[in-house]
Engineer: 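There's a structure below that I have some questions on.
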2 protein chains.
Amino acid sequence: MNASEPADSGLLALAQDFREALRHSIYLVRRLDADGELSAAQLSMLKMLMDAGPAAGGGASSASGVRVGEIARNLGVKVPSATEQIIKLERAGLARREPDPSDSRAVRVTLTEAGLAAVATANERRNAVMAGVLSSLSDDDRAALAAALPVIGRINATLQA
Amino acid sequence: MNASEPADSGLLALAQDFREALRHSIYLVRRLDADGELSAAQLSMLKMLMDAGPAAGGGASSASGVRVGEIARNLGVKVPSATEQIIKLERAGLARREPDPSDSRAVRVTLTEAGLAAVATANERRNAVMAGVLSSLSDDDRAALAAALPVIGRINATLQA
DNA sequence: CCTAACTGTTAGGCTACCTAACTATGAACG
DNA sequence: CGTTCATAGTTAGGTAGCCTAACAGTTAGG
């Protein structure tokens with residue numbers, strides 16, 4: 001419509017639509033998280049520990065576990081919030097806190113067996129619910145969604161930096 | 001891989017990926033909402049009032065405003081939570097509560113001029129931030145995202161029912 | 001050493017949500 | 001009509017998750 005700034009106006013429109021979609025998706029997330037097992041925050045943390053746990057990034061030695069500060073950064077929260085969640089997970093027997101041998105200030109957090117199992121169970125259940133929702137879509141819709149997921153992943157990755 | 005239930009396993013995989021994407025997108029939403037103006041919940045409510053306000057659904061007469069129960073349903077929260085937010089908006093001068101002339105039990109909520117302006121401002125700002133994020137994508141990525149938005153909208157619509 | 005930088009915990013506070021209990025109005029029916 | 005049941009919203013009390021500020025212990029540098 002506007003010849004002077006077509007790109008910008010399209011970008012803003014896309015931004016608005018995407019925002020709207022995410023805003024509404026909060027219901028969906030809320031419904032998924034309402035299975036009364038693990039809270040969203042706790043599952044996120046457990047999952048992160050699982051992903052990062054086995055082979056921690058670029059570390060030379062096999063320093064098992066993730067440091068509190070790193071957890072906070074990964075989850076996009078402040079350190080005290082991470083501590084709070086970690087303590088809850090620890091009390092629930094899902095995670096363990098151990099001193100870092102190479103730096104006595106630091107704390108290493110690892111999943112327990114129970115934690116690992118809890119992640120698996122919770123994820124399965126939520127995936128099943130989500131799959132139920134997606135099952136009502138057409139094949140084309142699912143294809144479009146699948147094509148967009150890497151893009152959304154790229155958007156999210158941008159924010160980590 | 002598995003010939004017996006290829007559709008189901010694909011569906012579950014898609015479900016998992018979509019869930020993951022939404023989970024990570026929470027950062028993005030949080031960042032957008034951290035502009036220190038209106039909280040996410042309040043902006044959602046204001047926006048809903050704006051959308052529903054002018055021409056309320058299938059109502060015969062021009063009953064202006066939205067009822068508290070309807071607001072709660074639209075936002076996916078319980079009535080007391082809606083009341084709470086409405087009171088905050090009212091105190092901030094962004095919304096008004098009036099008795100429903102046709103049912104003295106009911107309350108009609110409408111935006112004030114200030115509320116309308118606040119929605120506009122907050123949305124503009126957040127759209128700009130989001131546009132900034134999206135500007136780093138390739139054209140193909142943006143196209144894929146745009147194609148998926150209606151699908152996500154359809155998913156969200158499913159939940160309303 | 002002694003100070004400066006860093007890691008994590010504690011303390012206190014806020015928002016947004018929930019359930020349960022209450023008030024007031026409307027509607028149905030004998 | 002008047003009692004009874006349903007509906008609309010508010011109030012009260014509680015929880016989860018996040019934040020900032022203040023604190024304690026550890027490491028590293030001058």
Side-chain angles (χ1 to χ4, degrees), chain A residues 23 26-46 48 63 65-92 94-110 122, chain B residues 23 26-46 48 63 65-92 94-110 122:
Chain A
R23 189 166 68 79
I26 290 175
Y27 301 125
L28 216 173
V29 172
R30 228 179 254 158
R31 167 176 301 195
L32 290 174
D33 290 337
D35 68 353
E37 178 89 359
L38 244 46
S39 74
Q42 292 182 345
L43 180 55
S44 279
M45 184 174 289
L46 287 177
M48 201 271 294
V66 185
R67 293 168 58 138
V68 175
E70 200 179 339
I71 291 175
R73 225 173 321 109
N74 285 335
L75 295 182
V77 300
K78 301 297 179 187
V79 171
S81 305
T83 296
E84 190 179 336
Q85 293 299 336
I86 292 165
I87 289 174
K88 283 185 190 167
L89 291 180
E90 194 177 33
R91 273 206 273 261
L94 303 177
R96 221 187 339 254
R97 265 193 299 182
E98 297 162 342
D100 185 327
S102 67
D103 183 347
S104 318
R105 295 172 301 180
V107 168
R108 297 252 164 211
V109 181
T110 46
Chain B
R23 189 167 68 79
I26 290 174
Y27 301 125
L28 216 173
V29 172
R30 226 178 259 159
R31 166 175 301 195
L32 289 175
D33 290 338
D35 68 356
E37 180 87 1
L38 245 47
S39 76
Q42 292 181 345
L43 180 55
S44 279
M45 184 174 290
L46 289 177
M48 201 270 293
V66 185
R67 292 168 60 136
V68 175
E70 201 179 340
I71 291 176
R73 225 174 322 108
N74 285 335
L75 295 182
V77 299
K78 301 297 179 187
V79 171
S81 305
T83 296
E84 191 179 337
Q85 293 299 336
I86 291 165
I87 289 174
K88 282 186 191 167
L89 291 180
E90 194 177 34
R91 273 206 273 261
L94 303 177
R96 221 183 342 252
R97 265 194 299 183
E98 297 160 342
D100 185 326
S102 67
D103 183 345
S104 319
R105 294 170 301 178
V107 169
R108 298 253 166 210
V109 181
T110 46

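All values derive from a computational prediction rather than experimental measurement. Reckoned from all heavy atoms, side chains included, excluding hydrogens, waters and symmetry mates. Every chain is numbered from 1, with letters handed out A, B, ... down the list of sequences.
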Engineer: In this structure, how many angstroms lie between the P atom of D:dG17 and the CG atom of A:D33, rounded?
Structural biologist: 10 Å
Engineer: Within the distance-only criterion (no hydrogens, no angle test), does the side chain of A:T83 pair as donor or acceptor with the backbone N or O of A:V79 below 3.5 angstrom?
Structural biologist: yes
Engineer: Is any side-chain N or O of A:R97 closer than 4.0 Å to OP1 or OP2 of C:dT9?
Structural biologist: yes
Engineer: Which nucleotides of nucleotides 23-30 of chain D have their base under 4.0 Å from a protein heavy atom (B), which only their sugar-phosphate (S), and which neither (-), written as one string 5' to 3'?
Structural biologist: --BBS---
Engineer: When all nucleic acid strands are considered with a 4.0 Å heavy-atom cut-off, which category describes B:E84: base, sugar-phosphate, or nothing?
Structural biologist: base
Engineer: Given D:dG9, D:dC19, C:dG8, identify the nucleotide with an atom nearest to the side chain of A:K78.
Structural biologist: D:dC19
Engineer: Can you tell me how far P of D:dT10 sits from CZ of B:R91, to the nearest Å?
Structural biologist: 12 Å
Engineer: Write down the distance between CG (A:L89) and P (D:dG17), rounded to a whole number of angstrom.
Structural biologist: 10 Å
Engineer: For B:V79, report the nucleic acid contact type (base, sugar-phosphate, nothing); a contact means any heavy atom under 4.0 Å.
Structural biologist: base
Engineer: Tell me: CG of B:L75 to P of C:dC18, nearest whole Å?
Structural biologist: 10 Å
Engineer: Under 4.0 Å, counting only non-hydrogen atoms across every strand here, what does B:T83 touch: a base, just sugar-phosphate, or nothing?
Structural biologist: base
Engineer: Measure from CZ on A:R31 to P on C:dC18 and round the result to the nearest Å.
Structural biologist: 14 Å
Engineer: Let me know the distance between CD1 of B:I86 and P of D:dG9, rounded to the nearest Å.
Structural biologist: 8 Å
Engineer: To the nearest angstrom, how far is A:L43 atom CG from D:dG17 atom C1'?
Structural biologist: 15 Å
Engineer: Can you find a pair of side-chain heavy atoms, one from A:M45 and one from A:L89, that are under 4.5 Å apart?
Structural biologist: yes
Engineer: Considering all heavy atoms of both residues, which atom of B:A82 and which atom of B:I71 are nearest to each other, and what is their separation?
Structural biologist: CB-CG2, 4.3 Å
Engineer: Taking the side chain of A:R30 as its heavy atoms from C-beta onward, which of D:dG17, C:dT9, C:dC17 lies nearest to it?
Structural biologist: C:dC17
Engineer: Of all the heavy-atom pairs spanning B:R30 and A:L75, show the shortest one and how long it is.
Structural biologist: NH1-O, 4.1 Å
Engineer: NA contact type, A:S81, heavy-atom cut-off 4.0 Å: base, sugar-phosphate, or nothing?
Structural biologist: base
Engineer: Between A:R108 and A:V66, is there a side-chain heavy-atom distance shorter than 4.5 Å?
Structural biologist: no
Engineer: Under 4.0 Å: is that the gap between some side-chain N or O of B:Q85 and OP1 or OP2 of C:dC17?
Structural biologist: yes
Engineer: When the distance from CZ of B:R108 to P of C:dT25 is rounded to whole Å, what number comes out?
Structural biologist: 17 Å
Engineer: Can we say B:E98 and B:R96 salt-bridge, meaning some charged N sits less than 4.0 Å from an Asp/Glu carboxylate O?
Structural biologist: yes
Engineer: Is it the case that the side chain of B:S44 and the backbone of B:A40 share a donor-acceptor pair, with hydrogens and angles ignored and the cut-off at 3.5 Å?
Structural biologist: yes
Engineer: Determine which nucleotide pairs with D:dT3, using a 3.5 Å limit on both distances of a Watson-Crick or G-U wobble pair.
Structural biologist: C:dA28
